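Read the structure below first, then the notes.
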Amino acid sequence: MRRLEARSLRDRLAAMVIAIAVAMAIAAGGWRVLDAAWAESAPGLDGATRLGAEAVGRALSGQIEHALALGIPLDKLVRVEDYLKSVVASAPQVDAVALLDEAGRPIFTTREGVAGLTFPVNGGGQRATLVLSTESPFLNAATVRLEILLGATALLGGMIAFLIASLFLEMHLAPARARLALALARAARGDFAVAIPTTGRGRTTAAFRALARRIEPVHVAARHIADGIATVRAIDFDGSLSKRLDPLLATVAATRGLADIDPGETPRSTVPSPAAIATRVLLLVSLYAGAWPLLANFAIDRGTDMIPAPWRPVTPLFAEAVAVVLGMLICRSIAPSASRVAAALGTALTALAFTAVFWCRSYDLFVALRAAAGLGLGVALTPLLRDPRLTAHPRGLVALIGLTGLVIGPLFGGLVAEAIGRRGTFALLGIALLAIAPRAAAMPAAAAGDTALRLNFPAQAGRLLQLLSLMTLAALVLVIVPSGPGFDNYAVGAGLIVAAGLGLVVAPATLPPVFAGLLVGVAGALWLSAAGAVLPEAWRWPVSSMLIGIGVGSLLKWQAAGLFRHGRSAIAGLALGAVVAPVATIPGFAAMSIMLPLGVLLAGVSMLARGRRNP
Amino acid sequence: MSPAVRTILALLGLTGAGILLAGALVFGGLDRLRLRVVEANIDFVLTQLRDSIEANVSLGIPLQDLRVVQDLLERSRIGNPSLLAVEVFSPAGISLFNTDRGSIGEDITSTWRDGVRHAGNGDRWRVEEFGNLIVGQAIRNDFGEPVGYVAVTVAGPTGQSPIVSVIVASAWRFAVVLPAGLFGVGLVVWFMFRWRSREIMDVTARLSASGSPPLPAPPPDADLVRLADQVGEAVDAAVKQLDQTTTAVLKLDDDGVRDAAA
C-alpha cells in the first residue's frame, strides 16, 4: 500500500513538473511578446498622453489667465491648490501640476519638484508659469494589468497541463500498470490462461505483447502434449494406455488446458476508459463554464424595457436551467442505445447556441439561445454523469467539476474575452464545443431509467442542503460577480469566480457543516456597512468569494454521494440562485449581502441534516 | 496513435494555444489602452464643458436658451485640435448647439441613442461611428434630471489602428518563442513520461530478453520487473515440465505400437 502511495505521489510530481514547464513556456512567450509589443507601442502612447496633458495644461492656464485678467493677484487666488489636485485626480495623463510666479517660485503645487510641460500664464499685467508633469500612472497601471493577465494565462495553462498529465498518468497509465501487474502475478504463479490485451499502441501494450510472446512457448508445449495425448488415445483400443496416461497428466493438469486457448490477439475493447470519460466531462463542463463570467453582463447590455437591470440576468439563466432539466428528462426517456447520438446532437446544439450569440443583438434572442444551450448540455452531460466508474468517487468528481467549472472554464472565458471581446469568446467556445461533438458519440450509453428514483433517498434536509449550497454558488458565480465587479472587467470577474472555485476545490470534506454554512454567512456579513469596515474594500470581493467557495465546497463534498443522483434538484438550486441574487438590491443592500441569510439558512439546515445522518 | 503520444500532442497544443492567447491578450490590451488614452484626453474636456454648462443651467435658464454654450463648444474645439466636433443635444435627441452649425436642429443617429440608453457609470457613454469615436455625458439640473447631453467626436483609432504594425513587429518574437516553448515542453513531457513508464519498459525488456545474457538484478522498488523475472522462470519450468510429459506420453505411444506389433 505504501508503495502504491509512493507511486501515486511520483505521478503527481511528474504532472506538477509538466504543469510548471507549460506555465513557464507560456509566461516566457507572453513576456517576450509583451516586451516587443510595448517597445513598438510606447512612442505612440507617450505621444497621445502628452497631447492630452497639453490640452489639460492649455485649459488650466486659460482659466488662471481669466482670473488674473479680472484683476485678482496671483497669490490671492483662492482654493487653487484643491482645484489642481482635483485636476490631477480626474486627468490620468497628468501626474502633478504646479503654478510658479514670475521668479520661478512655486505658489501652488500638488507635490514637490514638478517638472515637464510649461505653459505661460499672462493676465492683468501679471506673469506666471504652469508646469505639468506627464508621467502617467495610467500607463504603468496598464502594464501591471497586462503582466497580471499574462500570469493568469500561464496559471491557466499550468492547471490544464496538470489535469491532462494527471488524467494520463493516474487514470490511464496507473490502471494499465495495475492490469499488467495482475497479469504478471498470475503468470508468475503458473496461471498462463490469463487474457492478454495485445491490441492498441503504447508502452503498456508493448509490455503485454512481450508477455504474450514470453508465455507463447507454454502454449506451444501444451499443444504438443495435446497432440501426443490424441495420438495415444487413437491407438488405445483396450483402454490400457489411458490408465497409464492419467497419472502422467496429473502433474501438468493446470497447464495442459492452454492448448484450447488461442493466445493470439484479443478484440479491442469498445468501452471508453475512465480517463476518456473524465476528459469528455471536463472538456464539456469547462467549455460551457467559459461563458459564465459573461452571461449576466451580456444579458444586462442587451437591455429590455420590461425587466429592471439587476433582474435582467435572471431570465436567461432561469430559462437555461429549466432547459437543462428538460434535456435530462429527454435523455432519460430515450433508449440507452440512442443516447450516444443524442449526446452528440446535444453537444452540437449547445455549440450552435454559443456560436449564434456572436450575432445576437436582442435580449429575447439571447434568452432563447441560452435555453438551447442548456437543453443541449442536459442531453450531452447526463450519460457521462451516470457512468458508475466516475460517480464511484463523488468527492473527487465534485472537486474535478469544481476545478473545471469554476476555475479553468471561467478563467479561460475571462481571459479570451479580455483578448477578443465577449462575442468572439462565445463564438470561440461554440467552435470548440462543435469540435468535441463527434467525441460525444463515443460516450457510454445512458443507464436505463433514473437510478435516483430507485435508490434510497437521503434525508430531506440533506437534499435541501444541496439545493441551498448550489443556490448560493449560482447566485455568486452567475449573477453577483458578472453583473458587479466583472461587469466591465471580465478578467476581474473571472478572477473572483476562480477564487470561489479554488475555495471549493481545496475545501475539506471534514469541515463541520454548520461552520461551513457560517462561512457563507460571514461572506455576506462583510457587505453590510458595519461589518464591511473590518476588511479593506480591495480585499472584500476576493475574501468573500473564497469564503463562499470553501463553505459551499465543503457542504457539497459532504453531500457528494447524493449530488450526482439528484441532478434535477441540483439544477433547481442553480436556477433559484440566479433568481435570489438580485433580491438583496430591493432593500438597497449590496447583492453580496444576500449571502448572510443564505449562510444562516445553510447552517440551520446542515444541523438538521447532520441530526438525521447521526441520530 | 498511442495514448502517450496523444497526451504529448495535447500538451504541446495547449502550450501553443497558451502562447497565442498571451499574445492576443497583449495586443488586445494595448489596443484598448490606446483607446483609453484617447478617451482620457477627451474626459477632461468633457468634464469641463459639462461643469460649465451645468453651472449655467443651475441659474434656472433652459438649456436651449444658453447662448454661451455655443461659445464654450467652439472654444473647446479651437483649444483641442484632436476634436472633430463638439455637440450638445436635448433629451429628445435634437441637436441644440454644435461646432458644425449646419447640424443644429437635426436628430442624433440611432447609434447615439443606443449609446445614451446604455450609459455606464457616471452617465458616460461611448460609441464608434464611421471610424470616429464619440464620447458623451449627461447634463443634469439641480434635481439630478438630465436636461441634455454633451458629446465630443474625435478621430477614432479604428481607422488607423497601429496594432497591425505592433503585431508585425512582434511576429519574429513569436517565430522564436513558439518553437522554443514547444521544444522545451516537449522535452520535459517526454522525459517525465519516460520516467513514469520506465518500469513498464524494463518489464518489456526483461520479457523479451529470453536467451540473451542474464540482465542485472532489478532495483528494490521495481515490483513489476521482479514479477517479469518470475514469469520467465515460471514459463521455463512449465515448458520443461510439459516437454518432459510430452516425451513420456509419446513413449506410451511407442510402447502401444510395440505391443500392437507383438
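Within every chain, numbering begins at 1; the chains are lettered A, B, ... in the order of the sequence lines, protein sequences first and strands thereafter. Predicted, not measured: the structure shown is a model, and the values here were computed from it. Just the heavy atoms: all of them, side chains too, but no hydrogens, waters or symmetry mates, feed the values below.
Without hydrogens or angle criteria, R32(B) side chain to E418(A) main chain gives a donor-acceptor distance under 3.5 Å. Using a distance-only test at 3.5 Å, with no hydrogens or angles considered, no donor-acceptor pair links the side chain of S41(A) to the main chain of W38(A).
Contact of D227(A) with chain B is not made at all, since no heavy-atom distance falls under 4.5 Å. Both the backbone and the side chain of L149(A) come within contact range of chain B, judged by heavy atoms closer than 4.5 Å.
Of residues 174-184 of chain B, those residues lying under 4.5 Å from chain A by any heavy-atom pair are F174(B), V177(B), G181(B).
With salt bridges taken as basic N to acidic carboxylate O contacts below 4.0 Å, one links R214(A) and D236(B). For the pair R226(B) and E233(B), the salt-bridge criterion is not met [side-chain N within less than 4.0 Å of a carboxylate O].
Side-chain contact between L173(A) and F193(B) is absent, with no heavy atoms from C-beta onward closer than 4.5 Å. In this structure, the side chains of D35(A) and R32(A) come closer than 4.5 Å at one or more pairs of heavy atoms. Contact check for L133(B) versus V127(B): no side-chain heavy atoms found under the 4.5 Å cut-off.
In terms of non-hydrogen atom pairs under 4.5 Å with chain A, the most contact-rich of Q244(B), R75(B), R194(B), R6(B) is R194(B). The most heavy-atom pairs under 4.5 Å with chain A, out of V189(B), V239(B), V188(B), L30(B), come from L30(B).
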